[in-house]
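Below is one structure, written out as structure tokens; comments come after it.
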Amino acid sequence: MYDKSQGVNYLNCERGFWSWFGTLDHKRLGLMYMWSVMGAMLVGGLFAMAMRLELFAPGEQYVNAEQFNQLFTLHGAIMVFLVIIPGVPAGLGNFALPLMLGAKDVAFPKLNRFSYHLWVIGALFFVGVLVTTGLDTGWTFYAPYSTLHSQTAVVWATFGAFVLGFSSIFTGINFIATIHKMRPPGMTWFKVPLFCWGLYATAIMQILATPVLGITLLLVGVERMLGVGIFNPDLGGDPVLFQHLFWFYSHPAVYIMVLPPLGIISELIATYSRKHIYGYRFIAMSSVAIALVSFIVWGHHMFTSGQSPLTSIVFSAITFFVAIPSAIKVFNWVATLYKGSIVLKAPMIYALSVIWLFGIGGMTGLWLTTLEQDIHLHDTYFVVAHFHFVMVGTAIFAMLGGMHHWWPKMFGRMYPEKLAQISSTLTFVGFNLTFLPQFVAGTQGMPRRYFDYAPRFEIYNQISSVGAAFIGISMFMTLWYLLWAIKKGKPAPANPWGAVTLDWQMPPIPDPHNFKDAPVVGDPYDMDLFVWSEDEGGYVPRNPVPGNPYQALPRSAIEEGTSSA
Amino acid sequence: MTLLLPVFAAFQSQSGQEGGFWFPVQASNHADRYDWVFFYILIVCGIFLLGITVSATWFLFKYHRSRAPEPEPSPSHSTALEIVWSVIPAIFLAYMFWLGFVGFMEQRTPPADAYEIHATARKWSWSFTYPNGAESDELHVPLGVPVKMIMSSQDVIHALFIPAFRVKQDIVPGRYSDLWFTPIMEGEFELYCAEYCGKDHSTMQTSVFVEPEGVFNAWVEEAADFISKLPPAEAGERVFKMKGCAACHSIDGSVVTGPSFKGQFGTTRKLADGSSVTMDENYIRKSILEPNAQVVAGFDPVMTNFQGQINDDQLRVLIEYIKSVKE
Amino acid sequence: MMEVNTQSPTSSQADDHGHSKHLAHHFDDVHQQFDTGKFGMWMFLLTEVMFFAGLFVLYAVYRSNHPEAWQFAAQFLDTKWGAINTVVLLVSSFTVAWAVRNAQLGETRKMLINLVITLLCAGGFMVIKYIEYSHKVHVGLVFPQLEHSLFNPNITAEASAKLAAYEQGEVFHQIEALSAAERNWVGKFFSIYFCLTGLHGFHVLAGMVVLSWLILRGMRGDFGPDNFNAIDFGALYWHIVDLVWIFLFPLLYLIN
């Protein structure tokens, strides 16, 4: 029987504002990222709701064209820079990475805290944008509109994004060093859980791609303040160069946003099927492959921009290569379900949703990289739907799944399962309702970033807006019961799901320093190591490590023991 | 592939004259091929998505804990399987790339004898110039004749997009870009700006009129010398429309992006810098050629510079028209 | 299970009474701490390289578009000052590397002297940069949209006259003789010159802060054979700042 009296853990070891805001503990930082990101997501989500309300009918309803342009710009900028990019890596990643790896903390705790503080500063810049003249450039900041024409707070926004970029870079440096150097003895590369592989691949891109965005946005800011003229066509500058530099970061950024979430999906599917993940090495390597290819595909955003046809052809061809590792992941997830014992807890509903949503999001990308097809579809709602399937349908869905999955470990309390199942299903239905019609609006020719549209597009927009209302309702519901669960939820066992990664081989709420002794490392997906215990209301090790009831003795150690005995 | 054509037709239920579930009408030479490739990808992806969804749903049903309380042992990796499900999609992908490449080269290679029309994009209107010097704010093209659009922008990046023709191309300031098509259907079609360009991006749209060659030729002749044929104020009204002034200036007193012209001529205007000026012929002229030098109080200095974009005759009749806009 | 711990004797006790006071709680031993720090530093340097890479790409594109205009523009840079600055930075790289060696050997005095020389070199570099910049500003070789820029298409008569008068108008007349398009291309050179050297200068300033911090800590007696991580990483950073300049100098000053 475990000791259920809540002894000293990372939540109750210190109290007060500074014990959180000034903490070096990766778990506390992960939680603060999570709350901050959820706050930003609330703002970005409300902007989305306002847009959908306005677009319910053609013509002007509630906001005018200028306000609408601000809404989609800020929705995009907030969701990309403040929510999705930090959401999974810096939020859930910070909490889970050292635990899953068996490390006592990330490699550089002070840098980690600094990253979070940079996030806060970057967010303050965006608050500055909100309370002054707003921003109407689109989150892409295309020159020369952003450099010469916009009358809004572009400089604030670019500096904000610049600071957030460095927050992201430092997280990447921290994680890559953690995974390289902080693994305990026995944690060989191919025993690293797949979520950590996702974070590793992301860290590579954060380190190498983000600085290019930094310098590009800095140039936009300097251009506006001092008039450098580099992107100014009147002075012989080339606006298309801005796009090249911008997408050199912003395409890898898409994979920064989705690879860790895809890692979470691998964890969830294995855990809730009680089955060893299928094709572990291929899934792990597919993440790294996508990260590497991501650096040489940015030109597919620019097939109609006037870059040379040869350039477009090369980028199109390379982009098709991304499809293979993405497909490998999906096929392996489906294969993992085979002969499992599947339980449809809320995180699993999210995970199975992602198989469908990522499938559609990924496959619709094929049209966009087929050169001729992109000509008609570029800058239409088809693109809008495509990237929402990837960035929301995959990244946010996986983030929600991950939050439910780790909620018991974060707070030692269970979330209400029935409510969670209802709201995750509702979110899935609402999401499809919102974004499937937008594909058709796109092929029919509705351009994106349109405040007003032809009456023949009305039906797609109406379905879309109704779907958005579903998402809004289920998101508020989710937020409400998750908060409720922290105080009133049923106390959680140490391992409610039977997951085998090291984060579940510890007390219900982790110790401040994670592991007193270096943990014993086995295969992270050997589901046989844990068995259900009715007494505990959770899973317990089949063969506990002597002196540590939470840790399971891995198969190799058991076999060693029997052979020597 | 030809075996699949009936299936394509099912998707594009009313293809050709009326447009279908997915696409608007096929009004240019590019459309038929374009839609064909779209449906090819749709079917390939559909089969894969169906396969994934059906097997995931089947596994979910069959191996749900209520039916399968314990997982059954089964292998957790197979290199052969991984290679199979990497190589099979790769073959379809390679063919997709090839189709896209061929279609793209066709779209990027205008015939040498194409009829050339210049398009000028500006915040937030279009104007089109024909070989005989005629200008219009709506695009007129002859049926069955290859047309090459040579496009330039006066301010930010725009993009010309005609959904029924399946063509789109960004228009980047400081350089020319082009696209081509052969209209194959008479009628009026939508033309959009597809690259976000600021406040009235969504109203930066106009119409394409595809007319039989005879009708088109008559129109383009008439459009070339209307200034000498019409009374100045009437000709000025056409210039007002043609140059896209209406995107920002109303004639009924309502304020859009810029001041309205209604009953303003001869009045004294307060400027943003505090001084004031009488709205006379010279002020109008200056406001068109150096728009941001003397901005009326309460408005942003956002007007596009028309220096070199408007000739003296056009300017003269335009001023006459503005003078004529009274109560 | 205990054999796991025997591999790193300090691991389980590091929390309570680690062998080295410099060992952070989450590391097993000082070697792991050093390795991790060094690895992280290299990752940061990769970021720095990519940060400059964006500007180098702009340099390459504009240069290859109009090579002749750029060769013409490069003659206005002062190769003499550039060369002196290159030597200054090379010396500073040498002294900072020496300081690391001193720290490893426990020669605190020598280490401090070397660090101070490095800091002085950095300061000298910035002074020379200031001399170069202020000359460019006076003759009007600045961003095209500044009021007193020779590349400003709407330059005022007043600013123009002032630039023409400076140093007998030597630079002024050469630029005046160019066509408008050529002037734009030459102007791009100076835009990118200021962006690149400005960003580099900012890194030198940051390096000076790091060096000062190292000197203060050195004076407090923080460094020695068992603790030289900070000074080693600081030196690495300084080398990359130096290295960037080694690329900048020929690309901007020498190709003409």
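Below, chains carry the letters A, B, ... as their sequence lines are ordered, and counting in each starts from 1.
At a 4.5 Å heavy-atom cutoff, A:Y249 makes no contact with chain C through either its backbone or its side chain. Looking at A:L219, only its side chain comes within 4.5 Å of chain C, counting heavy atoms on both sides. Neither the backbone nor the side chain of A:V521 comes within contact range of chain C; no heavy atoms are under 4.5 Å apart. For A:I215, the parts sitting under 4.5 Å from any heavy atom of chain C are the backbone and the side chain alike. Both the backbone and the side chain of A:I207 come within contact range of chain C, each with at least one heavy atom under 4.5 Å from a heavy atom of that chain. Heavy atoms of C:F52 lying under 4.5 Å from chain A are absent altogether.
C:E48 and C:H203 are linked by a side-chain donor-acceptor pair at a separation below 3.5 angstrom, with hydrogens and angles left out of the test.
Ring geometry, A:F166 versus A:F162: the interplanar angle falls from 30° to 60°, so the pair is classed tilted. Ring orientation note: the planes of C:F76 and C:F190 are tilted relative to one another, at an angle of 30° to 60°.
Chain C forms the most heavy-atom pairs under 4.5 Å with one residue out of A:V212, A:I230, A:N514, A:D105, and that residue is A:I230. Of all the listed residues (A:V222, A:L218, A:L226), the one sharing the greatest number of non-hydrogen pairs under 4.5 Å with chain C is A:L226.
Using a 4.5 Å cut-off between non-hydrogen atoms, the part of residues 31-47 of chain C that approaches chain A consists of C:Q32, C:D35, C:T36, C:G37, C:F39, C:G40, C:M43, C:F44, C:L46, C:T47.
Closest approach of A:G522 and A:P554 over heavy atoms only: CA-CB, 3.6 Å.
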Run the side-chain donor-acceptor check on residues 171-182 of chain A: report pairs under 3.5 Å with partners two or more places apart or on a different chain.
from, atom 1, to, atom 2, distance (Å)
A:T171, OG1, A:S167, O, 3.0
A:N174, OD1, A:F108, N, 2.8
A:N174, ND2, A:F108, O, 3.0
A:T178, OG1, A:A107, N, 2.9
A:T178, OG1, A:N174, O, 2.5
A:H180, NE2, A:Y200, OH, 2.7

Task: Check against side chain to side chain donor-acceptor pair (under 3.5 Å), A:W298 and A:H251 - done: CA-CA 5 Å; A:W298 77 88; A:H251 196 76; over 6 Å; no
- [ ] Walk me through it: do A:M302 and A:H244 pass the test side-chain contact (heavy atoms from CB on, under 4.5 Å)?
- [x] CA-CA 8 Å; A:M302 300 166 62; A:H244 277 292; 3.5 Å; yes
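Pairs passing the side-chain hydrogen bond (donor to acceptor under 3.5 Å, both in side chains) check and including a residue from residues 129-138 of chain C, sequence neighbours excluded, read C:K129-C:E132, C:K129-C:Y253, C:E132-C:Y253, C:Y133-C:T197, C:H135-C:E167. Counting only residues at least two apart or on different chains, the salt bridge (Lys or Arg N to Asp or Glu O under 4.0 Å) pairs with a member in residues 231-240 of chain A are A:D238-B:R175.
The number of heavy atoms from other shown groups lying within 6.0 Å of CD (C:E68) is above 12.
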